[in-house]
Amino acid sequence: MNDRVCICDLKNHIDAEVTLSGWVYRNRPGGKVLFLVVRDGTGLCQCIVEKGKIDEELFGQLKRLGQESSLRITGLVRTEERSAGGVELGVTGAEIVNVSEDYPITPKAHGVDFLLKHRHLHLRSQRQWCIGKVRHTVIDAVRRFFNDDGFTLIDTPIFTGAVGEGEQTLFEVDYFGSPLYLAQTGQLYLESAAMSYGKVYCFGPTFRAEKSKTRRHLTEFWMVEPEVAYAGLDELLELGENFVTSIVKAVLKENRSELETLDADIAALEKIEAPFVRLTYSEVVEILTGEQTVKFMADQLGGFEAEKETIETRIAELEKPQQGLKKWQQEKNAKELVELQGELSELNIRIENNPKHAQLAADFRWGKDLGGSDETIISLMHNKPVFVTHYPGEVKAFYMKHDRSNEKVVENFDLLAPLGFGEIIGGSVREDDYDVLLDKIKALGYNPDDYQWYLDLRKYGSVPHGGFGLGIERTVAWITGEKHIRQCIAFPRMRDKIHI
RNA sequence: UCCCCGAUAGCUCAAUUGGUAGAGCGAGCGGCUGUUAACCGCUAGGUCGUAGGUUCGAGUCCUACUCGGGGAGCCA
């Protein structure tokens with residue numbers, strides 16, 4: 001029997017002869033035995049080629065076969081503890097499809113810029129592959145959650161008029177001679193649809209011309225936005241926490257091995273369970289300016305310094321003369337040294353930043369928007385996601401509904417992911433009173449004519465409603481433990497630079 | 001727009017604080033084998049980001065520029 005099967009399915013074909021169609025991931029050639037690690041898009045499999053068991057000429061060809069050459073390879077599946085996946089292939093034959101020479105991405109370390117320039121090839125690497133699998137599950141879980149909960153999908157336009165948040169962050173395009181903008185949210189359109197279907201969501205690419213150059217920003221990213229008629233703040237918070245919990249549970253179920261490969265914090269993810277922590281902006285201000293934060297920052301600094309000492313001790317050990325050590329041991333040590341020095345410099349930055357961030361928190365005054373470092377402090381204080389609600393209206397968008405019991409604040413919320421990752425959701429209850437909304441539009445100097453259709457929603461059967469937006473890449477980065485969200489989309493678009 | 005860091009071989013980095021350009025990986029050749037980023041030997045590979053300046057002498061010091069990384073503001 002000669003079945004063509006997927007590597008992910010091999011454990012169901014023990015002792016059978018199968019043919020894999022894939023690419024060479026690693027080639028460790030030897031005199032009499034070759035270890036060919038083959039990938040086929042579903043996983044990795046070590047293939048053993050023994051001299052004498054296959055054609056002599058083929059053995060020679062396989063021995064010289066470069067990384068990422070494509071081939072069909074046939075052999076007997078057997079369990080083998082020494083192989084990474086628990087099974088391996090005892091090769092009986094192979095057909096080389098395409099010989100790859102001088103593949104640029106080698107098994108050793110590479111820099112960020114180099115990998116981005118080779119993004120089309122980097123997608124084949126194990127780590128990128130795992131992140132892509134997790135992203136797929138996240139998106140699938142997003143759609144399932146809303147579809148199973150009575151939401152209707154609405155596709156909002158990519159080309160939009162100036163109606164939105166801040167014009168300075170919009171990408172302008174030439175639309176048959178007139179300016180138009182790429183969508184930075186589907187929300188206003190979605191509000192219209194919510195008045196038709198009740199519960200709706202949109203999901204698609206979003207464009208922001210923000211001049212941000214950080215690990216949390218892309219100029220093109222994917223966002224899912226639910227919008228619910230007759231919903232108040234409490235319902236939205238509940239929706240948000242159930243939604244995020246369902247995503248995390250789906251990834252834990254579908255991608256455990258990927259999370260392990262990525263070295264994600266699985267134990268922390270397993271603790272994600274509704275209800276999440278709820279704090280008002282005013283409570284956050286009190287925490288930031290209170291004793292709790294002073295102590296927290298001091299403890300954090302102490303922890304950093306202890307860690308620094310441990311690393312420095314180890315570095316001193318490694319820097320001692322290494323006589324009598326085998327060459328490979330020396331190399332291993334040298335590599336550890338480089339890694340430790342990298343960690344040390346990162347730690348030094350954190351130690352340097354700690355007092356600055358402590359000062360920023362202590363100096364925080366009611367009315368300002370929370371900064372990145374403030375959010376980090378709050379999220380690090382909890383091992384669950386944290387909702388921060390009721391921000392000052394002045395720092396927030398015009399469409400957010402003012403709290404009728406405290407006109408200074410709006411009924412909005414951000415969700416901060418744990419472990420210091422930061423904001424993954426931003427949402428609010430929308431202003432549903434025609435006159436209040438019109439006044440705000442006028443006060444901001446916008447032209448009411450541009451917002452007539454949006455105002456109409458408050459004229460004909462207005463109801464309380466609201467929604468939120470969740471950033472897919474930020475969510476994937478948080479779940480996988482990836483530091484930078486550019487790794488969480490196949491072809492990232494960043495400020496200043498698009499590689500391919 | 002502003003602040004900090006960086007640019008040396010295909011890749012990742014080093015060069016004793018101004019004195020003849022180095023290592024590992026990768027590539028090529030050979031050896032070896034149940035290897036896990038294997039290992040051992042040999043070979044090839046560089047206009048030190050660009051342009052000026054200081055100096056007897058610059059990878060190293062100064063100035064400008066280009067490109068890249070991180071961050072602030074803003075945000076998902």
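Letters go in sequence order (proteins before strands), and every chain restarts at 1.
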Contacts under 3.5 angstrom, residues 44-52 of chain A side chains, donor-acceptor by atom type, not counting sequence neighbours:
residue	atom	partner	partner atom	Å
A/Q46	OE1	A/R28	NH2	3.4
A/Q46	NE2	A/E88	OE1	3.3
A/E50	OE2	A/K53	NZ	3.4

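- Between A/Y399 and A/Y454, the gap from one ring centroid to the other reaches at least 6.0 Å.
- For RNA chain B, the neighbouring residues in residues 469-484 of chain A, judged by any heavy atom under 4.0 Å, are A/G469, A/R474, A/H484.
- Every residue two or more places apart in sequence or in another chain was checked for a side-chain hydrogen bond (donor to acceptor under 3.5 Å, both in side chains) with A/D155, and none qualifies.
- For A/K32, there are no salt bridge (charged side-chain N to carboxylate O under 4.0 Å, His left out) partners at least two apart in sequence or on another chain.
- Contacts classified as salt bridge (charged side-chain N to carboxylate O under 4.0 Å, His left out) and involving residues 477-494 of chain A (residues at least two apart or in different chains) are given here: A/R127-A/E482.
- The P atoms of B/A14 and B/A7 are separated by 8 Å, rounded to the nearest whole Å.
- Not a single donor-acceptor contact under 3.5 angstrom links the side-chain atoms of A/H110 to the base of B/C11.
- Residue A/R215 is in sugar-phosphate contact alone, with no base atom involved, counting any heavy-atom pair closer than 4.0 Å across all strands shown.
- Taking a 4.0 Å limit (strictly below) on heavy-atom distances, residues 49-70 of chain A reaches RNA chain B at A/R64.
- Stems are defined here as 3 or more consecutive Watson-Crick or G-U wobble pairs with pairing distances under 3.5 Å; those involving RNA chain B are B:1-7 with B:66-72, B:10-13 with B:22-25, B:27-31 with B:39-43, B:49-53 with B:61-65.
- Not a single salt bridge (charged side-chain N to carboxylate O under 4.0 Å, His left out) links A/E411 to another residue, sequence neighbours left out.
- Donor-acceptor pairing under 3.5 Å is lacking for the side chains of A/T261 and A/Q126.
- As judged by a 4.0 angstrom heavy-atom cut-off over every strand, A/R127 is placed among residues making no nucleic acid contact.
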Distances under 3.5 Å between nitrogen or oxygen atoms of protein and nucleotides 66-68 of chain B:
residue	atom	partner	partner atom	Å
B/G68	OP1	A/K497	NZ	3.2

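- For A/T214, the side-chain hydrogen bond (donor to acceptor under 3.5 Å, both in side chains) test picks out A/H217, with sequence neighbours left out.
- Closest to the side chain of A/H217, out of B/A76, B/G69, B/A72, is B/A76.
- For B/U55 and B/G46, the C1' atoms lie 25 Å apart once the distance is rounded to whole Å.
- The closest side-chain heavy-atom distance from A/V395 to A/K368 is not below 4.5 Å.
- A/H136 pairs by the side-chain hydrogen bond (donor to acceptor under 3.5 Å, both in side chains) definition with nothing, not counting sequence neighbours.
- Contacts of A/E101 with the nucleic acid, taken as non-hydrogen atoms under 4.0 Å apart, are absent.
- Taking atom CZ of residue A/F468 and atom P of nucleotide B/A76, one finds them 13 Å apart after rounding to whole Å.
- If you check every strand for non-hydrogen atoms under 4.0 Å, A/F114 touches sugar and phosphate atoms only.
- With sequence neighbours excluded, the residues satisfying salt bridge (charged side-chain N to carboxylate O under 4.0 Å, His left out) with A/R39 are A/E68.
- Residue-level contact check: A/D369 touches the backbone only, with heavy atoms under 4.0 Å from sugar-phosphate atoms and none from bases.
- The side chain of A/Q46 has B/G34 as its nearest neighbour among B/A76, B/U12, B/G34.
- Nucleotides B/C74 and B/C65 are separated by 29 Å at their C1' atoms, to the nearest Å.
- Counting only heavy atoms from C-beta outward, the side chains of A/V24 and A/Y103 never approach each other to under 4.5 Å.
- Within the 4.0 angstrom heavy-atom criterion, only backbone atoms of the sugar-phosphate kind lie near A/G111; the bases stay farther away.
- A/S212 contributes a side-chain N or O that forms a donor-acceptor pair with the base of B/G73 under 3.5 Å.
- Outside the 6.0 Å centre-distance limit, the rings of A/F151 and A/F145 are not counted as a close aromatic pair.
- Between the OH atom of A/Y103 and the C1' atom of B/C11 there is a distance of 13 Å, given to the nearest Å.
- Looking at heavy-atom distances under 4.0 Å, A/P29 makes contact with a base.
- A gap of 8 Å separates the C1' atoms of B/C48 and B/A21, to the nearest Å.
- In this structure, the CZ atom of A/R26 is 13 Å from the C1' atom of B/U35, given to the nearest Å.
- Looking at heavy atoms from C-beta onward, A/L269 lies out of side-chain contact with A/V251 at the 4.5 angstrom threshold.
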